[in-house]
Amino acid sequence: MKTFFIFFVFIFLFFPLKAQNVNIPDPNFKAALLAHNPVIDTNSDGEIQVSEAEALNTILQVNNQEISDLTGIESFTNIKTLNCQQNHITELNLSQNLALEILTAWNNDLGNLDISQNTAIFQLAISENNLTQLDISNNTNLQILDIGYNNISELDLSQNPNLFSFSSLVNPFVSLDLSVCTSLNFVGIQATNSLRFLNIQNGNNENLNLYLNGLDNLECVRIDSDIVENIPEDWTYPEGTNFSDVCVLETNDFDLNEPEIYPNPTQNLLNIDVQFGKWNYQIFDLNGKLLMNGSESKINLT
């Protein structure tokens, strides 16, 4: 009876001490973690335990390592910075990385990115991916945003008043509204021929560095009233750019291949008749903010 009791206690004590390894299916990601500096594999067993992942509370740097799958990142719950740029990552689950403040993931293959849980993020660099949309409405601490070379056509910045720097290249925006971003220090937009309206009227234009280039169809940039007659000399923009404190949207004359719109004016229902071909519509307010879009022939404006 005494021998059985001792054996039972041994089994009871042994199993809780067994370490749990992080599931890391991508061999390149695992190799990068094992070679990481500072050292993550502190017991040198060639595996990453959950406790070892949780112990890292600064930066995880796995850039340029031919990684395609970052499964296992969810165990690094205390990292403040993730550098995973120049890989082949298609998906990125950061829902458990709630301490994350800086994400650098440019030059990957990301088709979507959910950072709605990462409310501590203040710096986001995700250029050169395959993103078509980006929701940053929960990221109210965001200060630096670089989204160049994606395919994002709409971006709501109304919940990002702390934005300090905004950079975009190629994204097919028609309208951009940064007016709520009162701390803006830099706005750089390039190679975006689709862009027609830009609103940077935030009451702080005198402290803004503006760089615009390759915006052939830009119709109006809305700015603070006090600088309309005195555009800052350090701003860079195409010759002939129209700066105004009130941008009024214009409607181009329609030809026979374009839709017939009626009644005009209207308060409720708008009809659009198309003779042939595929089309869609976009409706903006007087500030250039996109209100709605679609392809239906009857639009309810109420």
Side-chain angles (χ1 to χ4, degrees), residues 85 89-90 92 103 105-115 124-137 139 142 144-160 163 165-181 184 186-201 210-223 236-238 240-243 247-252 254-255 257-259 261 272 274 277-296 299:
Q85 66 271 25
I89 301 167
T90 57
L92 190 53
L103 173 60
W106 50 270
N107 197 1
N108 272 284
D109 298 313
L110 291 172
N112 58 73
L113 179 64
D114 184 353
I115 53 173
L124 183 62
I126 50 174
S127 61
E128 300 177 79
N129 277 286
N130 300 318
L131 299 172
T132 58
Q133 58 185 359
L134 180 65
D135 183 357
I136 50 176
S137 58
N139 308 104
L142 192 62
I144 301 173
L145 178 60
D146 181 2
I147 57 173
Y149 293 105
N150 281 284
N151 197 30
I152 302 170
S153 59
E154 299 177 28
L155 186 64
D156 183 357
L157 296 164
S158 62
Q159 304 303 312
N160 309 103
L163 196 64
S165 175
F166 174 80
S167 301
S168 173
L169 288 85
V170 179
N171 288 293
F173 296 117
V174 174
S175 174
L176 271 174
D177 187 352
L178 295 96
S179 59
V180 304
C181 310
L184 274 177
F186 175 78
V187 172
I189 305 173
Q190 301 183 64
T192 309
N193 287 332
S194 58
L195 187 64
R196 295 175 57 196
F197 308 102
L198 174 63
N199 187 353
I200 53 174
Q201 189 181 70
L210 181 67
Y211 185 89
L212 305 178
N213 185 44
L215 313 178
D216 294 344
N217 293 302
L218 185 62
E219 296 180 17
C220 187
V221 180
R222 187 170 184 178
I223 60 175
T236 300
Y237 50 87
T241 298
N242 177 29
F243 291 101
C247 288
V248 179
L249 307 191
E250 298 180 356
T251 302
N252 296 326
F254 295 112
D255 60 30
N257 294 331
E258 293 181 317
I261 300 176
I272 303 179
V274 182
K278 295 182 179 180
W279 65 282
N280 62 359
Y281 68 84
Q282 294 178 318
I283 299 177
F284 302 86
D285 65 14
L286 290 178
N287 294 327
K289 180 180 179 180
L290 181 66
L291 299 177
M292 62 179 70
N293 61 10
S295 58
E296 63 269 22
I299 306 170

If you apply the rule side chain to side chain contact (heavy atoms under 4.5 Å, CB included), what do you find for Leu103 with Leu92, and how did you get there? CA-CA 11 Å; Leu103 173 60; Leu92 190 53; 4.2 Å; yes

Hey, what's the ring geometry for Phe166 with Phe173, parallel, tilted or perpendicular (30° and 60° as the breaks)? tilted

Checking Ile189, Asp216, Val174 against Leu195 for side chain to side chain contact (heavy atoms under 4.5 Å, CB included), the one that qualifies is Ile189

Full working for side chain to side chain contact (heavy atoms under 4.5 Å, CB included) between Leu218 and Leu212: CA-CA 10 Å; Leu218 185 62; Leu212 305 178; 4.2 Å; yes

Going by the rule side-chain hydrogen bond (donor to acceptor under 3.5 Å, both in side chains), which residues pair with Ser168 if we only count those two or more places apart in sequence or in a different chain? Asn171

Indicate yes or no for a side-chain donor-acceptor contact from Asn150 to the backbone of Ile126 under 3.5 Å, with no hydrogens or angles considered. yes

What are the two closest non-hydrogen atoms of Val180 and Leu157, and how far apart are they? CG2-O, 3.2 Å

Distance check, rounded to the nearest 0.5 Å: Leu198 atom CG versus Leu215 atom CG? 8.5 Å

Atom CG of Asn107 and atom OH of Tyr149: how far apart are they, to the nearest 0.5 Å? 11.5 Å

Taking Ala105's backbone N and O only, do any of them form a donor-acceptor pair with Asn129's side chain (distance below 3.5 Å, no angle check)? yes

Compare every heavy atom of Leu163 with every heavy atom of Leu178, then report the nearest pair and how far apart it is. CD2-CD2, 4.3 Å

Could you pull out the closest heavy-atom pair between Asn108 and Ile89, with the gap in Å? OD1-N, 3.0 Å

Nearest heavy-atom contact between Leu169 and Thr192 is C-OG1, 4.4 Å

Compare all side-chain heavy atoms of Phe186 with those of Ser167 and state whether any distance is below 4.5 angstrom. yes

Is there side-chain contact between Asn112 and Asp114, with at least one heavy-atom pair below 4.5 Å? no

Any side-chain heavy atom of Asn213 within less than 4.5 Å of one from Thr236? no

Nearest-0.5 Å distance that lies between atom CG in Asp177 and atom OG in Ser158: 8.5 Å

First locate atom OH of Tyr237, then atom CG of Asn242, and finally report the distance between them rounded to the nearest 0.5 Å. 11.5 Å

Who passes side-chain hydrogen bond (donor to acceptor under 3.5 Å, both in side chains) against Asp135, sequence neighbours left out? Ser137

Is a side-chain N or O of Thr132 found less than 3.5 angstrom from the main chain of Asn151, in a donor-acceptor match? no

Please name all residues satisfying side-chain hydrogen bond (donor to acceptor under 3.5 Å, both in side chains) with Ser127, sequence neighbours left out, ordered by chain then number. none

Rounded to the nearest 0.5 Å, what separation is found between the CG atom of Asp156 and the CD1 atom of Ile136? 8.0 Å

Grab the two heavy atoms, one from Leu155 and one from Leu176, that are nearest each other, plus how far apart they are. CB-CD2, 4.4 Å

Counting N and O atoms only, with roles assigned by atom type, does the side chain of Asn217 sit under 3.5 Å from a partner on the main chain of Arg196, one being a donor and the other an acceptor? no

Any side-chain heavy atom of Leu210 sitting closer than 4.5 Å to one from Ile223? no

